[in-house]
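Proteins come first, then strands; the chains are lettered A, B, ... in the order of their sequence lines, and each starts at number 1. A quick note: this is a predicted structure, and the numbers were derived from the prediction, not measured.
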2 protein chains.
Amino acid sequence: MQTEEEILKIKKVKNTAVRTVVLRHLLSQEKAQSLKDIENALAYTDRSSIFRTLKTFEENKVIHSIEDGSGMTKYAVCAKGCNCDPKDLHHHFYCTNCDKTFCLFDVPIPKIQLPENFKLQQANMVVKGLCDNCNK
Amino acid sequence: MQTEEEILKIKKVKNTAVRTVVLRHLLSQEKAQSLKDIENALAYTDRSSIFRTLKTFEENKVIHSIEDGSGMTKYAVCAKGCNCDPKDLHHHFYCTNCDKTFCLFDVPIPKIQLPENFKLQQANMVVKGLCDNCNK
DNA sequence: CTTTTACTGCAACTCGATTGCAAAGATTAC
DNA sequence: GTAATCTTTGCAATCGAGTTGCAGTAAAAG
Ligand SMILES: [Mn+2]
Ligand SMILES: [Mn+2]
Ligand SMILES: [Zn+2]
Ligand SMILES: [Zn+2]
């Protein structure tokens with residue numbers, strides 16, 4: 001596992017106090033985090049600073065965002081080597097019972113047969129259901 | 001193609017003036033419509049009435065919703081015979097240039113290998129890129 | 001016809017997301 | 001070093017999609 005400093009250096013994002021704690025928090029969590037999740041976890045950091053940090057991270061491929069339909073965008077740290085290209089795309093799982101969203105890094109998206117002349121750039125693939133913990 | 005009346009009858013949704021025009025509008029459009037899209041198209045129908053109509057339609061499987069990451073939920077009429085079960089799931093395409101979202105009815109979701117003990121209920125699969133018209 | 005239930009329009013409100021601005025901090029120029 | 005410049009941060013205000021309470025209207029039931 002890389003440290004926050006290493007990741008930011010690789011992705012060419014300047015290291016600041018807010019960026020370090022936001023990235024550290026994201027790395028420490030198993031499930032994807034919303035802006036509010038992060039705000040709640042970091043009591044002394046302003047929401048707008050976290051918001052702008054997330055934008056910066058996303059622009060620089062430090063993290064990727066997930067629209068899981070819960071009304072709040074979730075964020076997760078990109079895997080090592082990820083460049084957010086089509087080849088790096090993977091599915092996400094949203095548990096409709098416990099509200100947990102996370103990356104299925106092991107479930108890459110299969111080749112999708114798009115209509116003639118369409119170009120794939122990105123994807124937001126969210127599978128919904130019950131996680132193992134809630135499916136009992 | 002079924003008429004609005006036929007669809008509502010099959011799905012056991014009572015026919016009303018607002019429901020008819022909303023469904024007619026959705027049927028007339030190639031791309032999935034947001035609440036605002038419908039509001040703009042139906043000058044004399046109140047937003048909240050359209051909103052509640054969409055909720056009713058979705059609960060009764062007349063339409064399904066698509067979270068395409070644009071900030072507005074889009075809605076599309078379900079295909080004939082669709083029951084919104086996992087077997088009826090399909091991908092959606094969002095054009096990052098012209099902002100058009102639509103169903104890829106011909107691209108069903110392949111079997112996704114979920115982790116042990118996970119249960120699939122629904123899915124929101126949005127592929128993003130350029131549509132044929134914008135990819136020139 | 002009267003009562004009950006469902007639908008609609010309007011206004012107000014919620015809440016996640018976003019922005020303007022000034023202060024604080026970091027970097028570069030001299 | 002100091003001054004000028006650029007970047008980051010916190011605060012408050014704002015935006016906008018979505019949602020709700022309520023009263024009036026329409027439809028269904030009795
Ligand atoms: Mn992911
Ligand atoms: Mn669809
Ligand atoms: Zn769960
Ligand atoms: Zn397009």
Side-chain angles (χ1 to χ4, degrees), chain A residues 4-5 8-9 11-26 31-60 62-76 94 99 101 124 126, chain B residues 4-5 8-9 11-26 31-60 62-76 94 99 101 124 126:
Chain A
E4 301 90 53
E5 287 76 15
L8 294 179
K9 190 167 187 182
K11 298 297 172 68
K12 296 187 171 55
V13 175
K14 201 200 296 180
N15 198 346
T16 71
V18 172
R19 288 174 188 173
T20 300
V21 292
V22 169
L23 183 51
R24 180 174 302 152
H25 173 74
L26 288 173
K31 66 171 187 176
Q33 299 284 292
S34 68
L35 175 56
K36 181 177 283 272
D37 288 337
I38 303 170
E39 192 185 354
N40 290 341
L42 306 179
Y44 300 108
T45 308
D46 187 73
R47 179 169 17 113
S48 65
S49 300
I50 300 170
F51 172 77
R52 286 187 268 232
T53 293
L54 291 171
K55 288 291 165 209
T56 300
F57 282 178
E58 195 172 11
E59 281 164 17
N60 291 280
V62 175
I63 63 176
H64 59 278
S65 60
I66 308 151
E67 308 271 339
D68 63 12
S70 69
M72 285 186 278
T73 302
K74 306 288 175 64
Y75 300 90
Y94 174 74
D99 215 56
T101 297
N124 182 61
V126 180
Chain B
E4 301 90 51
E5 288 75 15
L8 293 178
K9 190 168 188 181
K11 297 296 172 70
K12 297 187 171 56
V13 176
K14 200 201 297 180
N15 199 345
T16 71
V18 173
R19 287 173 190 173
T20 301
V21 293
V22 169
L23 183 51
R24 180 172 303 150
H25 175 73
L26 287 172
K31 66 172 188 177
Q33 300 284 293
S34 67
L35 175 55
K36 182 177 283 274
D37 288 337
I38 303 170
E39 192 186 353
N40 290 340
L42 306 179
Y44 300 107
T45 308
D46 187 72
R47 175 169 23 113
S48 65
S49 300
I50 301 171
F51 171 77
R52 285 186 270 233
T53 293
L54 291 171
K55 289 291 166 206
T56 300
F57 281 178
E58 193 172 13
E59 281 164 17
N60 291 281
V62 175
I63 62 176
H64 60 277
S65 60
I66 308 151
E67 308 272 340
D68 63 11
S70 69
M72 285 186 278
T73 301
K74 307 287 176 64
Y75 300 90
Y94 174 73
D99 216 56
T101 297
N124 183 61
V126 180

Q) Quick one: B:Leu35 CG to D:dT20 P, roughly how many Å, whole number? A) 14 Å
Q: Give A:Ser34 one of three labels, base, sugar-phosphate or nothing, depending on what nucleic acid heavy atoms sit under 4.0 Å from its own.
A: nothing
(Q) Checking the side chain of A:Asp46 only, and the main-chain atoms of A:Ser48 only, is there a donor and an acceptor separated by less than 3.5 Å? (A) yes
Q. Roughly how many Å is it from CG in A:Leu8 to P in C:dA26, rounded to a whole number?
A. 16 Å
Q.
Should the side chain of B:Arg52 and the base of D:dG18 be counted as holding a donor-acceptor pair, with the cut-off at 3.5 Å?
A. no
Q. Would one find a side-chain N or O of B:Arg19 under 4.0 angstrom from OP1 or OP2 of C:dC7?
A. yes
Q) How long is the line joining CG of A:Asp37 and C1' of C:dA17, in whole Å? A) 15 Å
(Q) Looking at A:Asn60 and A:Val62, would you say the former's side chain and the latter's main chain have a donor-acceptor pair under 3.5 Å? (A) no
Q: Check the distance between C:dC15's P and B:Met72's CE and give it to me in whole angstrom.
A: 21 Å
Q | Any A:Ser49 side-chain nitrogen or oxygen under 4.0 Å from OP1 or OP2 of D:dG10 | A | yes
Q) Hey, does B:Leu35 have a side-chain heavy atom less than 4.5 Å from the side chain of B:Ile50? A) yes
Q) Under 4.0 Å: is that the gap between some side-chain N or O of A:Thr45 and OP1 or OP2 of D:dT9? A) no
Q. So among A:Lys9, A:Arg24, A:Lys11, which one has a salt bridge (charged side-chain N to carboxylate O under 4.0 Å, His left out) with A:Glu4?
A. A:Arg24
Q: By nearest nucleotide on DNA chain C, pick out whichever of B:Tyr44 and B:Arg47 is the more 5' one.
A: B:Tyr44
**Q.** Between D:dT19 (P) and B:Ile50 (CD1): distance, integer Å
**A.** 14 Å
(Q) In this structure, how many angstroms lie between the P atom of D:dT8 and the CD atom of A:Glu59, rounded? (A) 11 Å
Q. Is the shortest side-chain N/O distance from B:Thr16 to OP1 or OP2 of C:dT8 below 4.0 Å?
A. yes
Q: Could you tell me whether the phosphate oxygens of C:dT18, OP1 or OP2, come under 4.0 Å of any side-chain nitrogen or oxygen in A:Lys55?
A: yes
(Q) Between P on D:dT19 and CZ on B:Phe51, what's the gap in Å once rounded to a whole number? (A) 4 Å
Q: Spell out yes or no: do the side chain of B:Ser48 and the base of C:dC10 have one donor N/O and one acceptor N/O closer than 3.5 Å?
A: yes
Q.
From CG of A:Asp46 over to P of C:dA22, roughly how many Å is that when rounded to an integer?
A. 17 Å
Q: Considering just the side-chain nitrogens and oxygens of A:Lys36, establish if one lies under 4.0 Å of OP1 or OP2 belonging to C:dG16.
A: yes
(Q) Going by the rule salt bridge (charged side-chain N to carboxylate O under 4.0 Å, His left out), which residues pair with A:Arg47 if we only count those two or more places apart in sequence or in a different chain? (A) A:Glu39
